[in-house]
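As structure tokens, the structure follows; a few thoughts come after it.
The figures that follow rest on heavy atoms only: side chains count, while hydrogens, waters and symmetry mates do not. We number each residue from 1, following the sequence as shown.
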Amino acid sequence: MSPITEVEGRRITLRNLDKVIHPATGTTKGELLHYLASTADVLLGHLHGRPLAFLRYPDGPDGQKFFTKNPPPGTPSWVTTAEVTRHKGETARQVLIQDLPSLMWAANLVVELHTPMWRIDQGVGSADRLVLDLDPGPPATIVDCRVVAVWLRERLRADGLTAYAKTSGSKGLHLLVPLEPTPSRQATAYARRLALEAANAMPDLVIRKMTRSLRPGKVYVDFSQNAAAKTTAAPYTPRALPEPAVSAPVTWEEVEECGDPSALTFLIDDIPARLDRHGDLLAPLLDPAQARPLPTGSGGGGGGDDGGAVDEDEAADEGEAADEDAADGEGAANDESAADR
């Protein structure tokens, strides 16, 4: 018989707590739930108000994985959902994790948690964060990403913006910037320009196109996750990998001093001590006083919010981002690009 636990007055049926989910470490489902409960104080702040996409991996990283934005069958009535505009004006409901019971319910499904760069209370596509995803193509590693990350940090600083770093939990780094509410299309256009500048400044290391054949040994600066329809692995979420790796906030000193990928690999057992030592390194993202506007004139691009013409390279980038948006729907996270966000 599956145990039933009560969390803040909500009854949740927990199943298969002894099931091994991460085979490399023997980590069980029960240990994953314990980790998420112990980090809930910081994790919930980064989930609050953000419609979630789930990458579910109930049989571990080697079993079936599937990506869903729709509330899973059997979602309790007390789990908050919201109507969200998707492609071509269509709407659908998505889950919001607003409290500990909802987090434990989601954790029982065995999921990665992916969030957009906007909150539902500010309006769909009104970004309060900018993200740049640095994805190394083997044999490049996160060690190569650090060079790009520091360059982008300084470039953002020149525009009056402050970047905070976290590991993707997979291969690369994510840079996050607190913004005053900004149309997602403008944030995407600005991030695209930064990716182009980085590629021009470091052509032997950086590419800005996702074409797989171009990526070996280079770092792809993915700007497209700023699109309103896109999501990125949330801070502190476990990832669907053989080890229970976490998308972990890191200090800039750790980034700059990284000489081996293992130095920026953190598992669920590492996070409590890091929280004791550093607190939430991404707490400034939750403070409206830290938000800054995009620089004047940075929101150019084609159509929509931005107006103006689209050059050939930007049109190609828009097409790639649109293709990836389409893949960001039901069942798509089995492909490498979706799983690595």
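Distance alone, capped at 3.5 Å, is enough to place a donor-acceptor pair between the Trp252 side chain and the Ala163 backbone. Not one N or O on the side chain of Glu256 forms a donor-acceptor pair closer than 3.5 Å with the backbone of Glu253. Of the possible donor and acceptor atoms, one in the side chain of Arg193 sits under 3.5 Å from a partner among the backbone N and O of Ala189. The backbone N or O of Pro183 lies less than 3.5 Å from no partner atom in the side chain of Gln186, so there is not a single donor-acceptor pair. The closest donor-acceptor contact from the side chain of Arg274 to the backbone of Pro249 lies under 3.5 Å. Remark: the backbone N or O of Val131 is paired with a side-chain donor or acceptor of Asn226 at under 3.5 angstrom. When atom types are taken as modelled, the side chain of Thr188 and the backbone of Ala227 share a donor-acceptor pair closer than 3.5 angstrom. A donor-acceptor pair under 3.5 Å links the side-chain atoms of Thr182 to the main chain of Glu180, judged by distance alone. Of the possible polar contacts, one joining the Lys29 side chain to the Arg15 backbone as a donor-acceptor pair under 3.5 Å is found.
The NE2 atom of His48 sits 10.5 Å away from atom CG of Leu286, with the distance rounded to the nearest 0.5 Å. In this structure, the separation between CD1 on Ile120 and CD on Gln98 is 10.0 Å, given to the nearest 0.5 Å. Considering CZ of Arg129 and CG of Leu176, their distance stands at 6.5 Å, rounded to 0.5 Å. The OG atom of Ser38 sits 11.5 Å away from the CD atom of Glu31 when rounded to the nearest 0.5 Å. Here CZ of Arg93 is found 15.5 Å from NZ of Lys69. Values are rounded to the nearest 0.5 Å. The distance from atom CG of Leu113 to atom CG of Leu103, rounded to the nearest 0.5 Å, is 7.0 Å.
Between Trp118 and Ser184, the closest heavy-atom pair is CD1-OG, 4.1 Å. Between Pro116 and Pro51, the shortest heavy-atom distance links the atoms CD-O, 3.1 Å. Looking at every heavy atom in both residues, Ala92 comes nearest to Asn70 through CB-OD1, 4.2 Å. When every heavy atom of Ala248 is checked against every heavy atom of Phe266, the shortest pair comes out as CB-CD1, 3.8 Å. What you find for Pro58 and Gln64 is that their closest heavy atoms are CD-O, 4.0 Å. Scanning all heavy atoms of the two residues, the minimum distance from Glu112 to Pro238 falls at CG-O, 3.3 Å.
Val246 and Leu134 fall within a single hydrophobic cluster, where Ile, Leu, Val, Met, Phe, Trp and Tyr are joined by side-chain heavy atoms under 4.5 Å apart, directly or via other members. A continuous path of hydrophobic side-chain contacts links Leu132 to Val250 [ILVMFWY only; heavy atoms under 4.5 Å]. Tracing side-chain contacts under 4.5 Å through hydrophobic residues (I, L, V, M, F, W, Y), one reaches Ile271 starting from Val255; they form part of the same cluster. The hydrophobic clustering, which links ILVMFWY residues whose side-chain heavy atoms are closer than 4.5 Å, places Leu33 and Leu47 together. Criterion: ILVMFWY side-chain heavy atoms under 4.5 Å apart, direct or through other members. Under it, Tyr35 and Leu17 are part of a common hydrophobic cluster.
In this model, a donor atom of one side chain and an acceptor atom of the other lie less than 3.5 Å apart for Thr232 and Gln225. The closest side-chain donor-acceptor pair between Ser170 and Ser168, if any, does not fall under 3.5 angstrom. Side chain to side chain, Asp260 and Ser262 meet the donor-acceptor criterion of an N or O pair below 3.5 Å.
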Subject >> Intermediate values then yes/no, side-chain contact (heavy atoms from CB on, under 4.5 Å), Tyr236 and Asp280 >> reply: CA-CA 10 Å; Tyr236 303 105; Asp280 180 13; 2.7 Å; yes
Original post:
Can you check side-chain contact (heavy atoms from CB on, under 4.5 Å) on Thr231 and Thr115, steps first, answer last?
Top reply: CA-CA 5 Å; Thr231 60; Thr115 58; 5.8 Å; no
**OP:** Could you give me the CA-CA distance, side-chain angles and deciding distance for Thr27 and Ile21, then say whether side-chain contact (heavy atoms from CB on, under 4.5 Å) is met?
**Re:** CA-CA 6 Å; Thr27 302; Ile21 300 298; 6.0 Å; no
**OP:** Could you go through the side-chain contact (heavy atoms from CB on, under 4.5 Å) check for Tyr190 and Val177 one step at a time?
**Re:** CA-CA 12 Å; Tyr190 175 67; Val177 178; over 6 Å; no
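Asp287 is not listed as a side-chain neighbour of Pro178, based on a closest heavy-atom distance of 4.5 Å or more. Side chains of Pro284 and Thr162 form no contact here, defined as non-hydrogen atoms less than 4.5 Å apart. Using a 4.5 Å cut-off on side-chain heavy atoms (C-beta onward), Pro235 and Leu43 make no contact. Residues Leu130 and Leu156 form a side-chain contact, since some pair of their non-hydrogen atoms from C-beta on lies under 4.5 Å apart. Counting only heavy atoms from C-beta outward, the side chains of Lys166 and His46 never approach each other to under 4.5 Å. When side chains are defined from C-beta on, Asp135 counts as touching Arg215, because their heavy atoms get closer than 4.5 Å. Side-chain contact between Val221 and Arg208 is absent, with no heavy atoms from C-beta onward closer than 4.5 Å. Counting only heavy atoms from C-beta outward, the side chains of Ile142 and Leu173 approach each other to under 4.5 Å.
Summarising the local packing, CD of Glu90 is surrounded by 12 or fewer heavy atoms from other residues, nucleotides or ligands at distances under 6.0 Å. Applying the 6.0 Å contact sphere to CZ of Arg11 captures no more than 12 heavy atoms from other residues, nucleotides or ligands. Applying the 6.0 Å contact sphere to CG of Asp18 captures no more than 12 heavy atoms from other residues, nucleotides or ligands. Within a 6.0 Å radius of CD in Glu6, more than 12 heavy atoms belonging to other residues, nucleotides or ligands are found. More than 12 non-hydrogen atoms from other residues, nucleotides or ligands lie less than 6.0 angstrom from NE2 of His278.
With sequence neighbours left out, the side chain to side chain contact (heavy atoms under 4.5 Å, CB included) criterion links Val7 to Thr5, Ile12, Leu100, Pro101, Met104.
In summary, Asp144 and Lys218 do not engage in a salt bridge, as defined by a charged side-chain N under 4.0 Å from a carboxylate O. Ion pairing between Arg292 and Asp159 fails under the 4.0 Å rule for side-chain N and carboxylate O.
Phe66 does not carry Arg56 over the face of its six-membered ring by the limits of under 6.0 Å from the centre and within 45° of the normal.
Ring geometry, Trp105 versus Phe54: the interplanar angle exceeds 60°, so the pair is classed perpendicular (tilted spans 30 to 60°).
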